Amino acid sequence: MMFRLSSISGAALAGACAACLVATAVAANDLTTDIGTLDKETADKVFPSKPPYSPYAGRNFPTRPYFGDTHTHTSYSMDAGAFGARLGPKDAYRFAKGEEVIASSGQRAKLSRPLDFMVVADHSDGMGFFPQLIGGDPGLLATPQGRKWYDEISSGKGAQAAMDIIVSFGKGQLPKGFPTPGTPAYRSAWRETIKAAEEANEPGRFTAFIGYEWTSNAGGNNLHRNVIWRDNGAKASLVEPYTTQPPLGSPNPRDLWKWMAMVEEKTGAEILALAHNGNLSNGRMFPIIESFNGKRIDREYAENRMRWEPLYEATQMKGDGETHPFLSPNDEFANYERWDKGNLDLTEAKRPEMLEFEYVRSALKNGLKMEAELGVNPYKFGLVGSTDTHTALAAVEEDNFFGKTSSAEPSAGRAMHPFVKTNIAVIMGWETTAAGYAAVWATENTREAIFDAMKRRETYATTGSRMAVRFFGGWDFEAADANNRTPARIGYTKGVPMGGDLSSAPNGKSPTFLVAALKDPIGANLDRIQVIKGWVGKDGQAQERIYDVAVSGGRTIDADGRSRTSVGSTVDVANATWTNTIGAGEMITVWKDPDFDPALRAFYYVRVIEIPTPRWTAYDAKYFSIKMPAEVRMTTTERAYTSPIWYTP
């Protein structure tokens, strides 16, 4: 008999096992019953003293991660269309399911392996605008802006038009005739979005979620959220997406949460939201002081943010969002794929004091401090990655990267073409990151199971690799648990999975963690597994520490919990290749916090680092026979970040 005990106390476990041992045996004549017809209750009575011979019988916990993208844009997004995207939602789902498609640039494209799920998340503001504009809508062409954008797109200057659209949107300066909820163009686009998801959804094989992106961009500062339905089109079609432009919408997240509450009450649906790209918010994504009212975060804000936003998109094409060297100077892996020059449209330069309110690790630390003050942690979120592709192609493998926009699909010049350029700064094409994917530990590949796993935060982010990562926390894990070939059974029995909570430490005990990682079957070996701990000290100050808990290649971990020996590199940049002759295919360990104080709030999450591999720029250089400038990064270390496990006294 097997018990799933992620939410059962040790006392309950002891009682349950005792009940097994003293269960009354069935009568002898009952044993003649055909075993194949026994129900579970009867079977437990027949075999009361030990679990079934088959270690998989009765298993009711997630057994595999599902990989997907919660953030794909198609031609239905106004900026994507202007950038050259001509593929719609149906094409995006076909590609995600493993079909070969013709990209907007005319090139053949296919994933190495199908994804398990996807959300087409076209922008709510202006949904259907691009088809309306490119179709020559008389009302739009009668406006100076509409005519200007139409002419630029028609003459091959779509990227220029797209940036002007983004800036105009951020300033709230859009032309008359712009599609808004209730207009025929808008209503038609939303219906087609729903229809595409319904047709693509195949429970058990591929999950197509209904969703959209709420693109708050006031002043060019990124506060974007993707909104996802658990339900089918019958409920999603009862409302139209919430926008950010007044009077029908608002750029304030508080108003989005009110709208979400209205939707659930009105339709009976269940929805959630994921924020992304805090690195482009210029200090507004994870505030202590709200930018919309200048007041300190209150309990209502904290409760609503935790209620409606269980996840955060920690890595994607516009840079990695885990941490920053300024915030984590002792973290040698912090300087990874940074976009930190300014806000989304580079109309305001970045200042160091903004960084604390933009990145995952600092937000998690501030969340602990705010919980002590408010009784609620507004930043108690799990982690995923996703693409934010604007090509309809969720292609972020380094050797199969189709770019952020259709104007940046594979070509000899894309790396050295400016992606964004203003008088503030420039972001070059090569700075675009080939990332990422969302990994979800769900019981099956359905909308309901994956959504429910997202709600309980049993998720992790990857920068594109499909490594499998397990992370459990409890009080009784032992070193021998790492030798078991079914560690998940032990993990769920003795503790809680990623996204879970520990509290009220038993006397004299420190938390123990079962951590495991298995390489992507067609990817690189693993360098190391790290546990990142954050806590609030007795002085009220937030702190962090990194522990190397497993390293490959026979390297050692010093007494301070760090391994200072590099795994090395086998990358041949000129030929864009590497070998798996270093690193490890799998790593598993049990780690005990050596510095635990049961009186202090804390969080723990896992970071898994792969050995170095060629970056997409190296593959471009090889394929197009070009030489990249010295400043271009040519190697990468793919990684994964798990959702945290929190400890509360």
Side-chain angles (χ1 to χ4, degrees), residues 67-69 71-72 95-96 98 103 105 107-115 314-320 322 333 335-339 385-391 393-405 408-416 419 428-439 461-467 519-527 567 569-583 608-629 631-641:
F67 292 95
D69 186 6
H71 195 173
T72 296
F95 182 76
S105 57
Q107 302 177 73
R108 296 164 61 188
K110 186 176 182 178
L111 288 172
S112 66
R113 296 156 286 178
L115 293 176
T315 190
Q316 59 126 273
M317 290 184 179
K318 300 197 299 295
D320 193 76
E322 185 219 1
F333 291 103
N335 189 21
Y336 180 73
E337 297 291 345
R338 288 191 286 126
W339 275 38
S386 280
T387 68
D388 195 15
T389 178
H390 280 55
T391 65
L393 307 176
V396 293
E397 297 156 310
E398 302 291 337
D399 64 348
N400 191 31
F401 180 47
F402 266 71
K404 163 72 175 170
T405 64
E409 290 180 6
S411 70
R414 67 171 174 167
M416 298 314 300
F419 182 78
M428 299 300 295
W430 65 264
E431 295 180 87
T432 306
T433 305
Y437 287 136
T462 88
T463 57
S465 170
R466 301 197 198 183
M467 65 179 87
K519 72 178 287 292
D520 183 327
I522 64 172
N525 278 345
L526 308 176
D527 169 6
V567 72
S569 177
T570 65
V571 177
D572 178 349
V573 172
N575 291 299
T577 190
W578 88 100
T579 63
N580 269 331
T581 52
I582 59 174
V608 183
I609 308 288
E610 287 186 358
I611 66 172
T613 50
R615 194 171 180 269
W616 70 266
T617 44
Y619 288 104
D620 270 26
K622 172 68 174 175
Y623 184 85
F624 294 110
S625 300
I626 56 177
K627 183 175 176 59
M628 295 288 182
E631 68 268 21
V632 177
R633 294 190 294 272
M634 302 295 279
T635 64
T636 187
T637 50
E638 303 277 11
R639 55 197 62 195
Y641 314 121

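What you are looking at is a predicted structure, and each value in this text was computed from that prediction instead of being measured.
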When you measure from the side chain of [X] to the backbone of [Y], do you find a donor-acceptor pair of N or O atoms at a distance under 3.5 Å?
X      : Y      : answer
Thr463 : Glu638 : no
Thr389 : Leu393 : yes
Tyr437 : Leu115 : no
Trp430 : Met634 : no

Is a donor from one side chain sitting under 3.5 angstrom from an acceptor on the other, for Glu610 and Ser465? yes
Least distance between heavy atoms, [X] atom then [Y] atom:
X      : Y      : answer
Ala461 : Gly385 : CB-N, 3.3 Å
Met416 : Glu631 : CE-OE2, 4.3 Å
Val567 : Pro612 : CG1-CD, 4.0 Å
Ala395 : Leu111 : CA-CD2, 4.0 Å
Ile611 : Gly583 : CG2-CA, 3.9 Å
Ala103 : Glu409 : CB-OE1, 3.3 Å

Are [X] and [Y] packed together at the side-chain level, in the sense that at least one heavy-atom pair is separated by less than 4.5 angstrom?
X      : Y      : answer
Ile582 : Asn525 : no
Lys519 : Asn580 : yes
Phe401 : Asp620 : no
Arg414 : Trp616 : yes
Arg113 : Pro521 : yes

Would you give the length of the straight line joining atom [atom1] of [X] to atom [atom2] of [Y], rounded to the nearest 0.5 angstrom?
X      : Y      : atom1 : atom2 : result
Trp578 : Ser569 : CH2   : OG    : 11.5 Å
Met467 : Ile609 : CE    : CD1   : 8.0 Å
Asp320 : Tyr641 : CG    : OH    : 3.5 Å
Asn575 : Tyr619 : CG    : OH    : 11.0 Å
Glu431 : Arg338 : CD    : CZ    : 10.0 Å
Ser112 : Asn400 : OG    : CG    : 7.0 Å

Take atom OH of Tyr623 as the centre, draw a 6.0 Å sphere, and report whether it contains more than 12 heavy atoms from other residues, nucleotides or ligands.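 Atom OH in Tyr623 is not crowded, with 12 or fewer foreign heavy atoms closer than 6.0 Å.
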Determine the sole option in Thr391, Thr433, Asp388, Thr432 for which the side-chain hydrogen bond (donor to acceptor under 3.5 Å, both in side chains) test with Lys404 is passed. Asp388
Are Phe402 and Glu397 close enough, and set up right, to give a side chain to side chain contact (heavy atoms under 4.5 Å, CB included), and what steps lead you there? CA-CA 9 Å; Phe402 266 71; Glu397 297 156 310; over 6 Å; no
Run the side chain to side chain contact (heavy atoms under 4.5 Å, CB included) test on Asp520 and Phe67 for me, step by step, so that the C-alpha distance in whole Å, both residues' side-chain angles and the decisive distance to 0.1 Å come before the verdict. CA-CA 12 Å; Asp520 183 327; Phe67 292 95; over 6 Å; no
Check this for me: does any side-chain nitrogen of one of Glu337 and Arg639 sit under 4.0 Å from a carboxylate oxygen of the other?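 Salt bridge flag = no for Arg639 with Glu337.
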Would Thr387 and Thr72 satisfy side chain to side chain contact (heavy atoms under 4.5 Å, CB included), going step by step from the backbone distance to the final call? CA-CA 7 Å; Thr387 68; Thr72 296; 4.2 Å; yes
